[in-house]
Chemist: 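Just passing along the structure, written as structure tokens.
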Amino acid sequence: MDMSPSTIRPKLTARGVNVFYDDAHALKQVDLDIRAHEVTALIGPSGCGKSTFLRCLNRMNDLIDICRVDGDIRLDGEDIYDPAVDLVYLRARIGMVFQKPNPFPKSIHDNVAYGPKIHGLARSRAEMDEIVASSLERAGLWEEVKDRLDAPATGLSGGQQQRLCIARAIAVRPEVILMDEPCSSLDPIATARIEALMDELKQNFTIVIVTHSMQQAARVSQRTAFFHLGDLVEVGDTDTVFTQPVDPRTESYISGRIG
Amino acid sequence: MTDPRQSPTETILASLPRRRRAEARFHFYGIAAIGIALAFLILLIGAIGHQGIGAFSQTEIALDVTLDESVLDPSGTRDPETLSTANYRAVVRAALGEIFPDAVRKRRDRRKLTALVSVGAGFELREQVLENPGLIGRTMRVWAPADDEVDMLFKGVTARDSGRFTEKQLGWLDRLEAEDRIRSAFNWRFFSNGDSREPELAGILGAMSGSFFALMTCLVLSFPLGVMAAIYLEEFAPRNRWTDLVEININNLAAVPSIVFGLLGLAAFLGFMGMARSAPLVGGMVLALMTLPTIIIVTRASLGAVPPSIREAAIGLGASRMQAMLHHTLPLATPGIMTGTIIGMARALGELAPLIMIGMVAFIVDVPQGPLDPASALPVQVYIWADSPERAFAEKTAAAIIVLLAFLVVMNLTAVILRRRFERRW
Amino acid sequence: MAQTVAAVRGGTRPSLMAAPEGRRARQVLGERVLLGLLAASSLVAILTTVGIALSLLFETLRFLDAVPLFDFLFGLNWSPQIAIREDQVGSSGAFGVIPLLVGTGLIAAVAMTVAGPLGLLSAIYLAEYASPRARSFAKPILEILAGIPTVVYGFFAVLVVAPFVRDSSEAVGFEVSSESALAAGVVMGVMIVPIVSSIADDVISAVPQSLREGAYGLGATKSETVRDIVLPAALPGIGGALLLGVSRAIGETMIVVMAAGLSAHLTVNPLQAVTTVTVQMVALLTGDQEFDSPKTLAAFALGLLLFIATLILNLIALMLVRRYRERYD
């Protein structure tokens with residue numbers, strides 16, 4: 001039951017995206033659609049450009065001086081590299097969760113409240129507490145931390161920290177959440193919790209996840225894109241990509257011969 | 001699990017203009033801070049340059065001096081003793097009398113007239129005669145330094161109606177100028193004389209040599225000690241509480257006020273060891289103690305920057321740890337050590353407070369010939385002149401600062417070039 | 001290979017290498033002597049500190065024979081000259097250190113009012129905003145300021161800043177003495193900017209990039225990120241930078257000797273002339289003094305106070321910066 005791109009309007013579209021670090025050509029002519037309310041997994045051997053591509057989607061690469069991006073990336077049809085686009089607004093709509101949990105050196109409450117606070121999303125203290133509670137709840141962390149919201153976030157375990165970072169991201173109510181290998185520093189139990197969370201979150205958000213684990217991609221994603229040496233080799237429904245890959249490179253990677 | 005809120009996009013969009021303004025403001029503050037620092041620097045250099053540039057020229061008055069034998073050497077023996085104590089001032093006065101025959105009749109006028117020429121004119125004549133006694137009896141034109149007040153007048157610092165000159169004096173000066181007997185020449189006296197009570201004769205040679213001897217002492221003591229201490233701490237010392245204490249102590253020492261080092265010098269070197277006051281040797285010793293922490297810190301940093309693989313490779317080939325350090329690590333760290341040492345020396349050159357504590361603030365005319373002669377130093381000279389009431393000393397002060405800064409620029413540039421030249425990325 | 005190293009360390013076990021026995025032994029001996037020399041020179045720094053502490057303590061104790069400790073620490077009147085003029089020994093000169101401490105504090109406060117904001121803002125600019133090109137232009141400005149001798153700052157304060165402060169305050173109707181705490185403090189503040197700025201720059205740069213990315217990823221602007229995330233994370237280190245600045249301010253000598261006054265007024269008005277601990281140390285020790293008069297000994301007592309105060313500040317600052325570095329390394 002392959003749904004062709006014409007039947008579902010993609011949330012994000014990338015056309016002819018190239019990325020250069022100084023002279024190194026890190027990403028070559030990538031075309032990719034990301035559909036709404038799905039989990040799209042980006043896989044491939046390390047250094048293949050999957051993280052680079054993810055960071056193009058909320059213009060995180062702008063932080064790197066030597067990085068140059070060209071091509072066309074659109075969010076709901078709007079060019080996100082248009083000079084008129086405000087990065088604040090873009091990143092509020094496209095949230096991000098990083099490889100290593102990076103809670104701010106603040107309390108648990110203040111970590112989650114930070115995004116809503118800077119964007120002015122809560123009109124009162126009560127409303128802010130409500131946002132914090134519901135975000136923590138959706139991130140599956142509420143029960144564990146509800147009695148110590150004022151404790152420093154750095155005291156949480158790795159898995160809790162990462163769920164806190166997810167709560168922090170969804171508190172801003174973004175449309176898309178980018179996850180850059182969110183489980184790479186976590187143990188299997190914490191990983192399972194986050195994978196389950198992703199499944200729930202896709203009801204409300206569009207999720208793009210970079211992962212080095214093919215099993216994880218197979219478990220959580222509906223669509224999978226395989227990158228290799230800066231090329232987007234293959235993209236399709238996760239089942240198809242894993243069972244009937246078109247490109248021989250995809251097949252080699254999946255069967256463990258490269259990467 | 002439902003979220004009652006509206007989509008946040010509207011709120012965020014509405015907050016954007018305010019936040020963009022805040023962002024621009026914050027960015028501006030940073031640039032403004034650097035801008036203020038730059039403005040201050042330009043103002044400082046500009047003000048000192050403006051003030052001091054005048055001291056590099058000196059107003060001189062042309063005199064046709066007759067080296068009258070009956071005045072200078074009445075017995076005709078050409079005995080150096082007689083020649084060096086002779087009354088050269090009288091010769092200068094006579095030369096002025098040649099130009100203004102009317103003025104020298106009255107005693108008061110005569111004094112006013114001679115006051116226009118520096119007492120240095122006589123000293124310079126004496127030097128010439130002592131060097132070449134054959135000049136006696138001859139008449140020659142010399143450019144004598146003008147008195148500092150005259151110098152200030154021609155440099156436009158003092159106004160004609162300031163009350164510092166009588167009408168007659170101004171008339172004489174006008175005539176001298178009309179006869180082309182006044183010129184502004186490069187002030188070589190500033191570089192070849194020691195200090196003097198007369199601003200037009202005061203120079204910085206004494207201070208420069210004092211600084212030179214003090215810096216050499218400082219270098220000879222602090223460089224080997226500092227490098228050796230750093231090698232021990234970085235390469236050989238066990239990591240324990242004791243070396244931890246040594247390290248904290250060194251870092252603290254680098255931040256101890258320099259005046260406290262001066263007190264140490266006063267109590268230990270002058271009081272306890274009974275060494276001479278005002279000697280550059282003692283100054284250099286105090287500066288060495290002050291520079292030592294800096295040299296240790298930079299040397300350790302340079303040694304630490306040499307990758308351990310090089311050390312390990314040498315030890316793997318059978319070298320001892322000492323050999324690995326002497327033959328491999330130390331040579332590779334040398335540029336960094338040199339750079340740090342030069343910067344430490346530059347700081348020592350500008351240091352003043354500890355020198356005051358050990359009495360290097362005396363008025364010293366003679367140029368020191370060795371590290372034990374009483375001497376001042378460049379920053380000391382700046383301080384002494386800055387405190388002197390004569391207006392002409394203000395420009396000398398600024399000029400001495402210019403010379404001091406010039407030395408610092410040269411030293412720091414050397415350090416920068418060394419660093420660039422040998423910069424190595426591991 | 002291991003045996004060679006062991007032989008060098010232990011110095012007794014015979015070497016397995018081909019080198020002749022005697023030469024090897026001489027080499028080992030030489031190295032041990034050299035190592036001893038190296039270790040000895042590392043003691044010089046300790047000896048310096050001990051020397052400072054002992055000489056200050058010793059002379060201070062002699063000073064306290066003439067002037068009671070209580071009068072020194074809590075006296076409100078400082079006029080050591082009187083004792084000298086009337087040729088009396090110690091007892092009648094007033095050696096109350098409070099006015100000096102107030103003056104030192106006042107000038108240091110003015111200096112830090114300038115150096116704190118300027119140093120921090122320029123550090124933030126250098127670490128967060130400046131492009132590599134802007135940095136290569138801005139950084140040398142601060143380095144040059146750091147390299148200018150303090151006697152030059154002092155002269156500049158007298159030449160330009162003091163007259164400016166006097167004229168502009170009189171224009172608005174304030175009474176200002178020609179050697180105001182304000183002029184000396186402002187110039188000292190500029191001198192301290194590079195110290196605060198370079199440490200703060202290091203400290204801010206050491207805040208992990210991942211924290212910044214976390215904030216940017218939520219849509220924070222750069223200034224929001226710096227203010228809410230980076231600065232709080234860097235706070236201990238920045239505290240250390242400011243403390244080192246204060247330590248520098250209270251120990252600074254030449255600027256205040258040249259631009260602040262000699263008379264010990266007990267005031268916190270920055271437009272008045274005040275005197276500082278360091279100014280008095282210089283005043284007490286210049287001119288021809290007998291080494292044993294309470295006047296010269298007082299300089300050592302002041303020196304001891306200064307040494308203790310800066311020691312405490314430095315140690316706290318170094319500890320803060322060090323702890324902070326360890327946290328993020």
Side-chain angles (χ1 to χ4, degrees), chain B residues 19 22-23 26-27 29-31 33-34 36-38 40-41 43-44 47-48 51 225 228-229 231-233 236 246 248-253 255-257 259-260 263-264 267-268 271 289 292-293 296 315-316 318 320-322 346 350 352-353 356-357 361 379 382-383 386 397 401 404 408 412, chain C residues 1 4-5 8 17 31 34-35 37-39 41-42 44-46 48-49 51-52 55-56 59 118 121-122 124-125 129 138 141-142 144-145 147 149 151-152 155-156 158-160 190 193 221-223 244 247 251 253-254 258 278 281-282 285-286 291 299-300 303 306-307 310-311 314-315 318:
Chain B
R19 292 163 75 186
E23 177 67 22
F26 200 66
H27 193 169
Y29 292 151
I31 294 178
I34 299 284
I36 291 173
L38 177 63
F40 186 94
L41 186 61
L43 189 63
L44 186 146
I48 285 172
Q51 176 87 9
L225 273 180
M228 277 162 53
I231 290 174
Y232 178 73
L233 292 173
F236 297 101
V246 173
I248 291 173
N249 171 60
I250 287 169
N251 283 329
N252 172 61
L253 219 46
V256 164
I259 191 170
V260 172
L263 285 181
L264 171 66
L289 292 181
L292 196 62
I296 295 179
I315 290 173
S320 67
R321 282 214 297 171
M322 187 67 78
L352 168 56
I356 294 182
M357 294 288 105
V361 269
V382 170
Y383 175 57
T397 311
I401 288 178
L404 175 60
L408 292 180
N412 281 296
Chain C
M1 232 65 81
T4 323
V5 178
V8 173
M17 302 294 282
E31 289 191 354
L34 189 51
L35 189 60
L37 268 177
L38 296 181
S41 38
S42 76
V44 173
I46 292 272
T48 308
T49 305
I52 289 175
S55 56
L56 292 181
E59 306 291 344
L118 280 185
L121 285 172
S122 48
I124 291 170
Y125 174 75
Y129 281 91
I141 296 175
L142 296 174
I144 293 172
L145 279 181
V151 65
V152 178
F155 182 66
F156 180 70
V158 176
L159 182 72
V160 177
V190 174
V193 166
T221 65
K222 201 163 219 178
S223 58
L244 280 180
S247 157
T253 306
M254 290 327 298
M258 296 172 83
T278 50
M281 288 164 68
V282 169
L285 286 178
T286 38
F291 197 67
F300 285 92
L306 184 62
F307 180 66
T310 52
L311 180 74
N314 294 343
L315 288 184
L318 291 170

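In this text the structure is predicted, and so the values were computed from the model without any measurement. The chains referred to below are lettered A, B, ... by the order of the sequence lines, with proteins before strands, and numbering in each begins at 1.
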Chemist: Counting only non-hydrogen atoms closer than 4.5 Å, does B:Pro293 touch chain C with its backbone (N, CA, C, O), its side chain (CB onward), both, or neither?
Modeler: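 It is neither, since no heavy atom gets under 4.5 Å.
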
Chemist: Give the intermediate values and the outcome of side chain to side chain contact (heavy atoms under 4.5 Å, CB included) for residues B:Ile31 and C:Tyr129.
Modeler: CA-CA 9 Å; B:Ile31 294 178; C:Tyr129 281 91; over 6 Å; no

Chemist: Show the nearest heavy-atom pair for residues B:Ala47 and C:Phe156, with the distance to one decimal.
Modeler: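 Smallest interatomic distance, heavy atoms only, reads CB-CE1, 4.1 Å.
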
Chemist: Below 4.5 Å from any heavy atom of chain B, which atoms of C:Leu56 appear? Answer side chain, backbone, both or neither.
Modeler: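 Just its side chain gets close to chain B.
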
Chemist: Looking at C:Leu285 and B:Met357, what are the two nearest heavy atoms and their distance?
Modeler: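 Taking every non-hydrogen atom into account, CD1-SD, 3.4 Å.
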
Chemist: Between C:Val282 and chain B, which part of the residue has a heavy atom less than 4.5 Å away: side chain, backbone, both or neither?
Modeler: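 Contact with chain B is through both the backbone and side chain of C:Val282.
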
Chemist: So which part of C:Leu142 gets closer than 4.5 Å to some heavy atom of chain B, the side chain, the backbone, both or neither?
Modeler: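 The answer is the side chain of C:Leu142.
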
Chemist: Looking at every non-hydrogen atom in both residues, tell me the closest pair between B:Met322 and C:Leu34 and how far apart they are.
Modeler: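 Smallest heavy-atom distance, with atoms named: SD-CD2, 3.7 Å.
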
Chemist: Please assess B:Leu263 against C:Met281 for the test side chain to side chain contact (heavy atoms under 4.5 Å, CB included), listing each intermediate value before the final yes or no.
Modeler: CA-CA 9 Å; B:Leu263 285 181; C:Met281 288 164 68; 3.3 Å; yes

Chemist: Under a 4.5 Å heavy-atom cut-off, does chain C meet the side chain of B:Ala268, its backbone, both or neither?
Modeler: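 Answer is neither: B:Ala268 stays 4.5 Å or more from chain C.
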
Chemist: Which bit of B:Leu43 comes within less than 4.5 Å of chain C, counting heavy atoms only: side chain, backbone, both or neither?
Modeler: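 Contact with chain C involves both backbone and side-chain atoms of B:Leu43.
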
Chemist: Might you point out which heavy atoms bring B:Ala33 and C:Ser122 nearest each other, and give the distance in Å?
Modeler: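 Heavy-atom minimum between the residues: CB-N, 3.8 Å.
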
Chemist: For the residue pair B:Leu41 and C:Ile144, what are the closest heavy atoms and their distance?
Modeler: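 Shortest heavy-atom contact: CD1-CG2, 3.8 Å.
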
Chemist: Could you tell me which portion of B:Ile250 (side chain, backbone, both or neither) has an atom closer than 4.5 angstrom to a non-hydrogen atom of chain C?
Modeler: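 For B:Ile250, side-chain heavy atoms alone lie under 4.5 Å from chain C.
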
Chemist: Where does B:Leu408 contact chain C at under 4.5 Å (heavy atoms): side chain, backbone, both or neither?
Modeler: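 Only the side chain of B:Leu408 comes within 4.5 Å of chain C.
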
Chemist: Side chain from CB out, backbone as N, CA, C, O: work out which of these in C:Leu318 comes under 4.5 Å of a heavy atom of chain B, or both, or neither.
Modeler: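 Contact with chain B: side chain only.
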
Chemist: Could you walk me through whether C:Val152 and B:Leu44 pass the side chain to side chain contact (heavy atoms under 4.5 Å, CB included) check?
Modeler: CA-CA 9 Å; C:Val152 178; B:Leu44 186 146; 4.0 Å; yes

Chemist: So, does B:Asn249 use its side chain to make a donor-acceptor pair with the main chain of C:Ala45 at under 3.5 Å?
Modeler: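 Indeed, once roles are kept as given, a pair shorter than 3.5 Å links the two residues.
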
Chemist: Given a strict heavy-atom distance threshold of 4.5 Å, which part of C:Met254 is in contact with chain B: side chain, backbone, both, or neither?
Modeler: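 For C:Met254, the contact with chain B is made by the side chain alone.
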
Chemist: At a heavy-atom separation under 4.5 Å, does B:Ala346 approach chain C through its side chain, its backbone, both, or neither?
Modeler: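 For B:Ala346, neither part sits under 4.5 Å from chain C.
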
Chemist: Please classify the contact between B:Tyr29 and chain C as side chain, backbone, both or neither, with a heavy-atom cut-off of under 4.5 Å.
Modeler: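 Both backbone and side chain of B:Tyr29 come within 4.5 Å of chain C.
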
Chemist: Please find the pair of heavy atoms, one from C:Pro149 and one from B:Gly350, that lie closest to each other, and give the distance.
Modeler: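 Heavy atoms only, the tightest pair is CB-O, 3.5 Å.
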
